[in-house]
Amino acid sequence: MVNLEQSFAFKINPIAPYDFGLTIRKPMGWSLFSPLEIYQKTTVWTALRLETNLVGLKLSSRGTVNEPCIAAKMYLKEKPPRENLDSIKSSLIHCIGADDDLHEFYAMAKEDSILKHAVEDLYGMHSTSMGDTVFPSAVLAILLQMAPLKRSNDMMDCVIRKYGDVAEFDGKMIHAWPSPGQVANLNPSEFAKTCKIGYRAGRILNLAEKLVKESFPTLRGLEMLSSEDAKKKLLELPGIGDYSADIINPHGGFPIDVWSAEVFSKLFFGKEPENNREAVEDVKNEGVCRWGKWSWMAFFYIVQDLENLSKKLNLKLRLA
DNA sequence: GCGTCCAGGTCTACC
DNA sequence: GGTAGACCTGGACGC
């Protein structure tokens, strides 16, 4: 357990529209930074790693969708130098999507026969990231491979509980994702057995080892590259293939797997594919062609709005 | 109760 | 360079 005694309060003014509730806890249940964070009305207590620091966070909404304001209180173990504190704040603002301007995406989406419903239903929802390094997203992507969602969630829960730090602050105890260094030297078979993650244990350990031994760009570093170069870089990571790279890529990909291939086939072509796995490539091409640089945002909005879209478009869309 | 299938992919050996 | 098969586990399903 890590006691985070140093606290820093500040305000965040996200770029409107910004719906705090939809962004912090997505309609399909996706958490902000950790599945073990705590929600209470318009406040969330959570924890993540920013610039190698374990950071405890209390975020409370103090505004509206069109005039958003967030009261943030950040908890650290030690007081960092001023420039580091500013940098950590800036990373946090980026992670919660508060610096993300949705106007251009909305202008495109309102002209799209599928997306127009989703952006109406989820107006002000922003995409978020789980820290400033690729590790949490990459582990999540590996745990999503070849498993039903419930099992992926169970595996993720176990990895965080058993191997992550527990941040103690503001009377709460929040489990955060482990760093690569915390898992790199684990025994593979013991890791696999403890969290029942099977062959994924080896992939996560290889990934952690590479990130510990070699320098790898942060998510912001990858953003500085072109989308294609960022993806190429991500594909160098062990256990990360086309689907996983599209989940991690900060430029946003179109991560189609066998489940989403079925959903998007119905949306694009009005019918269920004969073989979901074989449909992945066609669906991916159609999505990227249709939405281009907004493919990830389109994917994100649609997946979060499947229940409403099923009714509005009169399609039976299998929920995640 | 038991056996079989397959799921929100990736890697590797083999051709 | 293309592709079949292996990989952990557990829930669903048929018998």
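Given the structure is predicted, the values throughout are model-derived calculations rather than measurements. Below, chain A is the first sequence line, B the second, and so on; all start at residue 1.
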Task: Whole-Å P distance, B:dC5 and C:dG5 - done: 14 Å
From the candidates B:dT10, B:dG8, B:dG9, the one with an atom nearest any side-chain atom of A:M146 is B:dG9
Under a 4.0 Å heavy-atom cutoff, the residues of residues 245-282 of chain A touching DNA chain C are none
- What distance, rounded to whole Å, do you find between the two P atoms, one in B:dT10 and one in C:dG11? 24 Å
- Query: Does any donor atom in the side chain of A:E120 or A:N308 lie under 3.5 Å from an acceptor atom in the other side chain?
  - Reply: no
Original post:
Can you tell me how far C1' in C:dG10 sits from the matching atom in B:dC11, rounded to whole Å?
Top reply: 23 Å
Numerically ordered, the residues 183-218 of chain A set in heavy-atom contact under 4.0 Å with DNA chain C is A:K196, A:G198, A:Y199, A:R200
Dot-bracket assigned to DNA chain B with the 3.5 Å Watson-Crick/G-U criterion, [ ] for crossing and | for other-strand pairs, is |||||||.|||||||
Between CG of A:L143 and P of B:dA7 the distance, given in whole Å, is 19 Å
ask   = So what does A:S244 hit on the nucleic acid, given a heavy-atom distance under 4.0 Å: a base, only sugar-phosphate, or nothing?
value = sugar-phosphate
Span of DNA chain C engaged by chain A, first through last nucleotide within the 4.0 Å heavy-atom cut-off, is C:dC7 to C:dG10
To the nearest angstrom, the CZ-P distance between A:F299 and B:dG8 comes to 12 Å
When you compare B:dG8 with C:dC13, how far apart are their P atoms, in angstrom units rounded to a whole number? 13 Å
Check residues 203-212 of chain A and write down every donor-acceptor pair under 3.5 Å in which the side-chain atom is one partner and the other belongs to a residue at least two apart or another chain.
unit_1, atom_1, unit_2, atom_2, d
A:R203, NH1, A:Q145, OE1, 2.9
A:N206, ND2, A:G202, O, 3.2
A:E209, OE2, A:K213, NZ, 2.8
A:K210, NZ, A:E214, OE1, 3.0

State, without any angle test, whether A:T128 and A:K26 hold a side-chain donor-acceptor pair at a distance under 3.5 Å.
-> yes
### Message
Using the ring centroid of each side chain, check whether A:W291 and A:F300 are separated by less than 6.0 Å.
### Response
no
request  = May I ask you to say what A:D154 touches in the nucleic acid, namely base, sugar-phosphate or nothing, with a heavy-atom cut-off under 4.0 Å?
outcome  = nothing
**Request:** Assess A:K89 against A:F10: is NZ or CZ under 6.0 Å from the centre of the six-membered ring, and within 45 degrees of the ring's axis?
**Result:** yes
If you look only at distance, which donor and acceptor atoms sit under 3.5 Å apart when one is on a side chain in residues 188-197 of chain A and the other is two or more places apart or in another chain?
unit_1, atom_1, unit_2, atom_2, d
A:S189, OG, A:N187, OD1, 2.8
A:T194, OG1, A:E190, O, 2.7

If the cut-off is 4.0 Å, is A:R318 near the phosphate of B:dG8, judged by side-chain N/O to OP1 or OP2? yes
